[in-house]
Undergrad: 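Could you have a look at this structure, given as structure tokens, before my questions?
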Amino acid sequence: MINALRGMKDIAFEEADKFIYTIETATQIAKRYGYQYIETPLLEETKLFKRSVGESSDIVGKEMYQFIDKGQNDVCLRPEGTAGVVRAYVQAKLDRRPRKDKFYYYGAMFRYEKPQKGRLREFHQFGCESFGEASVYEDFNIILMIRDIFDALGIGYTLKINSLGCSECMPPYRQNLIAFLTPKEALLCEDCSRRIATNPIRVLDCKNNQCQTLLHDAPKLTQNLCPTCQSDFQTLQKLLDSSSIAYEVDTHLVRGLDYYNKSAFEFVSSQIGSQSAIAGGGRYDRLVEFLDGKSVPAVGFALGIERILDLVTLPTSKREGIYLGSMLTQEGIMETLFALASRKRQQTKVEIEYEPKSLKSHLKGADKINARYCAVIGEDEWSQGEIWIKDLETKEEYRAKIEEW
RNA sequence: GUGACCGUAGCUCAGUCGGUAGAGCUCUGGUUUGUGGCACCAGUUGUCGCGGGUUCGAGCCCCGUCGGUCACCCCA
């Protein structure tokens with residue numbers, strides 16, 4: 001028997017219904033916010049992710065499905081969605097004209113990690129990217145949209161926000177932090193002493209207790225923001241307050257992808273195990289430039305579909321469609337059933353049982369597939385050119401001419 | 001990459017002190033010669049993950065291996 005690869009899952013039956021329902025719900029809401037669909041390749045040049053997600057990130061450092069293809073290209077299965085969308089945006093030269101562009105996407109992402117609850121090697125994200133709008137109102141608008149999606153799906157969450165500063169205030173802060181950390185390097189954990197050089201900001205959210213103790217007097221990012229970032233961050237909080245979206249400021253919310261700046265946020269669920277982030281995103285005003293475009297501000301998010309699947313409550317499914325069967329083996333009866341099915345399928349779902357069997361068995365079968373109508377041809381009906389129909393919901397039964405039903 | 005736990009029927013699991021495997025669910029049929037869901041009755045189903053070892057004898061004990069799950073790390 002051949003099994004699916006480690007960390008890769010088949011999605012079927014009720015899970016599949018939830019999967020589709022989640023995407024449809026999110027799509028509908030994204031469209032209402034003015035987003036258009038974009039589909040980008042699952043396979044991209046490796047350097048796209050090195051330059052966007054960042055070499056210091058775990059994703060690029062150790063989790064990529066990377067290989068050399070038959071044309072000697074260094075390629076990767078995408079580990080996240082934003083990089084590809086930005087690449088497409090720049091490739092289509094949309095950065096050359098002053099317009100806002102808003103895209104939504106969904107699909108498979110790949111990270112070579114050790115699987116656990118809520119963490120798969122192939123998983124699916126729904127995401128949105130908004131280009132060309134620098135206003136913090138757009139950050140707020142995106143958070144509102146995610147709120148709408150989770151509300152529509154009936155999912156509870158807590159929202160965490162932070163500001164990562166901009167190219168003006170982040171570099172000096174970063175230098176301050178390095179200056180603060182360097183004397184303590186020997187006392188920090190192995191990862192953190194390495195991070196001082198590669199990505200000192202990440203030291204802030206280290207889970208190591210000793211590191212956290214040492215960080216107690218570290219300069220705080222939120223207290224070193226430039227006036228613009230400071231006022232934008234406050235505006236965002238005011239907007240959230242006035243729309244009664246509960247949130248907490250989490251100064252340790254740093255995010256593992258290097259391209260974020262200014263607003264960063266994460267939606268967290270307490271009901272799904274330790275991998276609790278169900279959606280995350282923020283602003284990435286420099287990324288278009290990193291990928292050879294003009295300077296275009298942007299903000300976006302992604303939500304993990306598998307992570308919320310258990311939390312999605314499907315609208316209660318009603319009986320639907322027709323079950324067709326016969327109790328006879330007579331010549332021509334299957335042809336009649338197929339013709340009837342084709343006609344009825346213009347309107348609704350139709351399934352045919354090929355095996356002649358007792359009425360009781362047919363009713364059981366119709367009940368099992370949750371059909372609204374059970375329609376069966378027996379001896380008496382066949383001789384009259386009729387079919388017997390029972391509405392399984394109202395329990396009404398009647399007979400009709402086959403051609404007229 | 002590190003650690004813990006678990007692999008027995010299609011699914012969920014039980015299996016005592018080591019003595020050649022069992023329940024519920026599902027499925028099929030019947031109780032009703034043409035009336036669903038509920039109930040009752042009957043029937044079908046096994047490489048006990050794999051390999052080796054100990055033993056008269058291993059689902060059970062030991063070693064190895066593969067797979068799964070969860071957690072750390074990281075992230076959606």
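Values reported hereafter were calculated over all heavy atoms of this structure, with side chains retained and with hydrogens, waters and symmetry mates removed. Predicted model, so just to flag it, every value in this text is computed and none were measured.
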Undergrad: Select base, sugar-phosphate, or nothing to describe what A:E80 touches, counting heavy atoms under 4.0 Å on all strands.
TA: nothing
Undergrad: Do you know which of A:K50, A:E44, A:M64 makes side-chain contact (heavy atoms from CB on, under 4.5 Å) with A:C76?
TA: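 Only one of A:K50, A:E44, A:M64 forms a side-chain contact (heavy atoms from CB on, under 4.5 Å) with A:C76, namely A:M64.
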Undergrad: So does A:S358 get a side-chain nitrogen or oxygen closer than 4.0 Å to the phosphate oxygens (OP1/OP2) of B:U35?
TA: no
Undergrad: Would you mind telling me which of B:G37, B:C70, B:G1 lies closest to the side-chain atoms of A:Q116?
TA: B:C70
Undergrad: On the ring face of A:Y112, is A:R121 found with NZ or CZ under 6.0 Å from the centre and within 45° of the axis?
TA: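 Flagged: A:R121 positioned over aromatic ring of A:Y112.
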Undergrad: Please give the nucleotide sitting opposite B:G67 as a Watson-Crick or G-U wobble pair, both distances under 3.5 Å, or none.
TA: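 For B:G67, the partner nucleotide comes out as B:C6, under the 3.5 Å rule.
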Undergrad: Which of the following nucleotides, B:G34, B:C73, B:G36, is nearest to the side chain of A:W388?
TA: B:G34
Undergrad: Which listed nucleotide (B:G34, B:A76, B:C74) is nearest to the side chain of A:Y260?
TA: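 In terms of side-chain proximity for A:Y260, the closest of B:G34, B:A76, B:C74 is B:A76.
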Undergrad: Name the closest nucleotide to the A:E397 side chain, picking from B:U35, B:G34, B:C70.
TA: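 Ranking B:U35, B:G34, B:C70 by closest atom to the A:E397 side chain puts B:U35 first.
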Undergrad: Between B:C74, B:G36, B:U69, spot the one nearest the side chain of A:E113, thanks.
TA: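 Taking heavy atoms from C-beta onward, the closest nucleotide is B:C74.
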Undergrad: Who does B:U16 pair with, Watson-Crick or G-U, both distances under 3.5 Å?
TA: none
Undergrad: Measuring from the side chain of A:S274 (C-beta onward, heavy atoms only), which nucleotide among B:G37, B:G29, B:A71 has the closest atom?
TA: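 Selected nucleotide: B:A71.
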Undergrad: What does A:K360 touch in the nucleic acid at a heavy-atom separation under 4.0 angstrom: a base, only the sugar-phosphate, or nothing?
TA: base
Undergrad: Where each residue is assigned the nucleotide of RNA chain B containing its nearest heavy atom, which of A:Y112 and A:R399 is assigned the position nearer the 5′ end?
TA: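 By nearest-heavy-atom nucleotide position, the 5'-most residue is A:Y112.
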Undergrad: Does B:C73 have a Watson-Crick or wobble mate here (both distances under 3.5 Å), and if so which one?
TA: none
Undergrad: Applying a 4.0 Å non-hydrogen cut-off, can you work out what A:I369 is touching in the nucleic acid: base, sugar-phosphate, or nothing?
TA: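 Nothing: the residue A:I369, judged by heavy atoms under 4.0 Å, touches no strand.
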Undergrad: Is the distance from OP1 or OP2 of B:A4 to the nearest side-chain N or O of A:K114 less than 4.0 Å?
TA: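 Result: no.
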Undergrad: Go through the steps to decide whether A:D58 and A:R111 satisfy the test salt bridge (charged side-chain N to carboxylate O under 4.0 Å, His left out), and finish with yes or no.
TA: CA-CA 10 Å; A:D58 280 12; A:R111 294 182 197 173; over 6 Å; no
Undergrad: Could you check whether A:G365 gets within reach of a base, just the sugar-phosphate, or nothing at all, counting any heavy atom under 4.0 Å?
TA: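 A:G365: no heavy atom of the nucleic acid under 4.0 Å.
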Undergrad: Does the structure show a Watson-Crick or G-U wobble partner for B:G46, both distances under 3.5 Å? Name it, or say none.
TA: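 Check on B:G46: unpaired, no WC or wobble geometry under 3.5 Å.
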Undergrad: Under 4.0 Å: is that the gap between some side-chain N or O of A:K368 and OP1 or OP2 of B:C27?
TA: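 Checking A:K368 against B:C27: at least one side-chain N or O falls below 4.0 Å of OP1 or OP2.
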Undergrad: Mapping A:G7 and A:M327 onto RNA chain B by nearest heavy atom, which one lands closer to the 5' end?
TA: A:M327
Undergrad: Taking only side-chain nitrogens and oxygens of A:K390, does any of them come within less than 4.0 Å of OP1 or OP2 of B:U35?
TA: no
Undergrad: At less than 4.0 Å, is any side-chain N or O atom of A:R111 found next to OP1 or OP2 of B:C74? Yes or no.
TA: no
Undergrad: Determine the interatomic distance between P on B:A9 and the same-named atom on B:C48; round to the nearest Å.
TA: 10 Å
Undergrad: Measure CD1/A:I308 against P/B:A76 and give the value in whole Å, please.
TA: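 In whole Å, B:A76 P and A:I308 CD1 are 15 Å from each other.
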Undergrad: Paired with B:A39 by Watson-Crick or G-U wobble geometry, both distances under 3.5 Å: which nucleotide is it?
TA: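 Result: B:U31.
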Undergrad: Taking any heavy-atom pair under 4.0 Å as a contact, classify A:D380: base, sugar-phosphate, or nothing.
TA: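 Contact class for A:D380: base.
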Undergrad: Please determine, for B:G24, whether a Watson-Crick or G-U wobble partner exists with both distances under 3.5 Å, and give it or none.
TA: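 B:C11 - that is the nucleotide pairing with B:G24, both distances being under 3.5 Å.
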Undergrad: Rounding to a whole Å, what distance do you find between A:E266:CD and B:A76:C1'?
TA: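 The distance from CD of A:E266 to C1' of B:A76 comes to 8 Å, rounded to the nearest Å.
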Undergrad: Is A:F123 stacked on the base of B:A76 when the test is centres under 5.5 angstrom and planes under 30 degrees?
TA: yes
Undergrad: Under 6.0 Å from the six-membered ring centre of A:F180 and within 45° of its axis: does the NZ or CZ of A:K184 meet both?
TA: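 The answer is yes, since A:K184 meets both limits relative to A:F180.
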